[in-house]
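Whatever order the structure lists ligands and atoms in, that order sets their numbers, starting from 1. Every heavy atom of this structure was used, including side-chain atoms; hydrogens, water molecules and symmetry mates were not.
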Amino acid sequence: MLEVGNLKETEQTIFNHTGPFIQTIDREIEIHTRKEEPLVVLLNNVLSDEECDELINHAKLRMKRSKIGLSHEENEMRTSSGMFFEESETELIKRIENRIETIMNIPIEHAEPLQVLHYEPGQQYKPHFDYFSNHRTKNNRISTLILYLNDVEEGGETIFPALNYSVAAKKGNALYFEYFYQDEAINELTIHAGSPVISGEKWVATQWMRRQRIR
Ligand SMILES: O=C(O)CCC(=O)C(=O)O
Ligand SMILES: [Fe+2]
């Protein structure tokens with residue numbers, strides 16, 4: 001909220017969808033719930049079951065222990081394993097990139113490589129911000145889309161402790177949030193975590209967008 005005189009104005013968002021659906025070239029995506037400032041949107045029907053399975057199967061062959069942030073060191077912050085797809089690597093990745101562009105309302109040239117994470121029981125991603133807090137970072141991240149690739153038996157919710165909000169991982173759903181607000185206090189409310197998987201396993205694909213193009 002920006003205060004202009006006595007008026008409280010809502011800040012401009014990147015996400016530009018208003019109705020209950022987002023029509024992409026090949027799929028109608030449903031907006032399940034949305035919270036404002038910071039904008040956090042839960043989307044249904046982003047990926048088909050077959051697309052989720054194909055992403056998992058491609059990723060499985062190339063998993064490594066996850067690395068965090070700029071330091072690229074293994075760390076207890078994130079205990080899952082992960083991999084990155086190459087830009088437009090396959091027909092499936094191109095199709096998903098296309099959908100992501102529409103959902104996130106940002107050209108794909110701003111997109112980092114799509115990352116896949118795999119969590120086994122006990123594994124988690126502790127509370128963090130997706131943007132780099134180092135102020136020298138010029139081309140920072142501005143928004144995130146987490147695609148859930150399977151149903152988790154128990155645990156593994158994405159939680160926002162400052163918003164008292166929790167989202168269960170459900171196959172084909174996705175969670176969008178952005179942190180490009182002028183008011184830094186709003187950005188800080190996007191602190192989130194992947195809570196520990198209790199039983200079953202968890203697969204997600206994460207898309208981070210940058211302020212400027214990186215491709
Ligand atoms: O696994 C999750 O639910 C969260 C993943 C996440 O925060 C990230 O990839 O940045
Ligand atoms: Fe994150």
Side-chain angles (χ1 to χ4, degrees), residues 14 32-33 35 38-44 46-47 52 55-56 59-60 62-85 96 100 103-104 106 110-134 137 140-180 186-210 214:
I14 304 165
H32 181 272
T33 42
K35 292 172 151 289
L39 189 63
V40 182
V41 185
L42 178 58
L43 302 160
N44 283 341
V46 177
L47 300 176
C52 291
L55 277 179
I56 291 174
K60 240 178 208 167
R62 311 209 314 238
M63 301 302 286
K64 281 207 228 87
R65 186 81 191 281
S66 292
K67 308 278 199 295
I68 293 206
L70 296 171
S71 65
H72 294 289
E73 276 172 2
E74 285 188 4
N75 189 309
E76 287 314 301
M77 262 296 284
R78 193 202 276 171
T79 49
S80 55
S81 39
M83 58 76 69
F84 291 93
F85 281 104
I96 294 172
I100 285 173
I103 296 169
M104 301 182 85
I106 299 185
H110 294 239
E112 291 188 26
L114 186 68
Q115 175 178 239
V116 175
L117 291 178
H118 177 230
Y119 304 78
E120 286 177 352
Q123 295 186 330
Q124 64 178 310
Y125 195 168
K126 289 188 181 161
H128 65 279
F129 303 103
D130 281 353
Y131 52 88
F132 306 111
S133 44
N134 182 343
T137 308
N140 213 332
R141 292 177 179 160
I142 55 173
S143 61
T144 300
L145 186 71
I146 301 172
L147 301 149
Y148 299 103
L149 305 182
N150 75 323
D151 295 326
V152 182
E153 254 169 60
E154 197 183 351
E157 300 86 0
T158 305
I159 56 170
F160 291 78
L163 302 174
N164 199 15
Y165 185 53
S166 164
V167 173
K170 193 167 170 295
K171 190 171 186 173
N173 280 3
L175 187 65
Y176 171 86
F177 53 98
E178 58 180 81
Y179 29 85
F180 192 47
I186 301 178
N187 296 326
E188 287 171 3
L189 294 174
T190 63
I191 188 164
H192 60 281
S195 55
V197 170
I198 296 168
S199 63
E201 55 179 345
K202 175 184 175 188
W203 288 90
V204 299
T206 305
Q207 180 66 70
W208 293 294
M209 286 292 186
R210 298 294 185 110
I214 52 166

Heavy atom of the protein closest to [atom] (residue, atom name, distance):
{"atom": "atom 10 (O) of ligand 1", "answer": "Asp130 OD1, 3.1 Å"}
{"atom": "atom 9 (O) of ligand 1", "answer": "Thr206 OG1, 2.9 Å"}
{"atom": "atom 8 (C) of ligand 1", "answer": "Tyr125 CE1, 3.7 Å"}
{"atom": "atom 5 (C) of ligand 1", "answer": "Tyr119 OH, 3.8 Å"}
{"atom": "atom 3 (O) of ligand 1", "answer": "Thr158 OG1, 2.6 Å"}
{"atom": "atom 2 (C) of ligand 1", "answer": "Lys202 NZ, 3.1 Å"}

Which residue is it: Thr144, Thr158, Asp130? I am looking for the one with a side chain to side chain donor-acceptor pair (under 3.5 Å) to His192.
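Result for side chain to side chain donor-acceptor pair (under 3.5 Å) with His192: Asp130.
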
Check each heavy atom of Glu157 against ligand 1 and say whether those closer than 4.0 Å belong to the side chain, the backbone, both or neither.
neither

Part of Leu117 with heavy atoms under 4.0 Å of ligand 1, whether side chain, backbone, both or neither:
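Contact part for Leu117 vs ligand 1: side chain (C-beta onward).
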
Check Ala174 against Val46 and note the closest heavy-atom contact, atom names and distance.
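Shortest heavy-atom contact: CB-CG2, 3.7 Å.
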
Over all atoms of both residues, closest heavy-atom pair of Ala111 and Ile214:
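Scanning both residues, the minimum pair turns out to be O-CD1, 3.5 Å.
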
Run the numbers for me: atoms of ligand 1, each under 4.0 Å from some heavy atom of Gly194, listed by number.
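Checking each atom against Gly194, I get 2 (C), 3 (O).
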
Quick one: does any side-chain atom of [X] pair with a main-chain N or O of [Y] as donor and acceptor, under 3.5 Å?
{"X": "Ser166", "Y": "Ile159", "result": "no"}
{"X": "Asn140", "Y": "Tyr131", "result": "no"}
{"X": "Gln115", "Y": "Thr206", "result": "no"}

Consider every N or O of His128 and every N or O of ligand 1, then say whether any pair is closer than 3.5 Å.
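Looking only at distances, the answer is yes, because the N/O contact criterion of under 3.5 Å is met.
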
Between Phe177 and Ile146, does a side chain to side chain contact (heavy atoms under 4.5 Å, CB included) hold up when you go through it step by step?
CA-CA 9 Å; Phe177 53 98; Ile146 301 172; 4.0 Å; yes

Side chain to side chain contact (heavy atoms under 4.5 Å, CB included) for Lys170 and Asn44? Distances and angles first, verdict last.
CA-CA 9 Å; Lys170 193 167 170 295; Asn44 283 341; 5.7 Å; no

Show the numbers, then the answer: is there a side chain to side chain contact (heavy atoms under 4.5 Å, CB included) between Glu112 and Arg141?
CA-CA 9 Å; Glu112 291 188 26; Arg141 292 177 179 160; 2.7 Å; yes

Do the side chains of Val197 and Gln123 get nearer than 4.5 Å, heavy atoms only?
no

Straight-line distance of Leu147 CG to Ile100 CD1, nearest 0.5 Å
5.5 Å

Identify which protein N/O/S atoms are less than 2.8 Å from the Fe ion (ligand 2).
His128 NE2, Asp130 OD1, His192 NE2

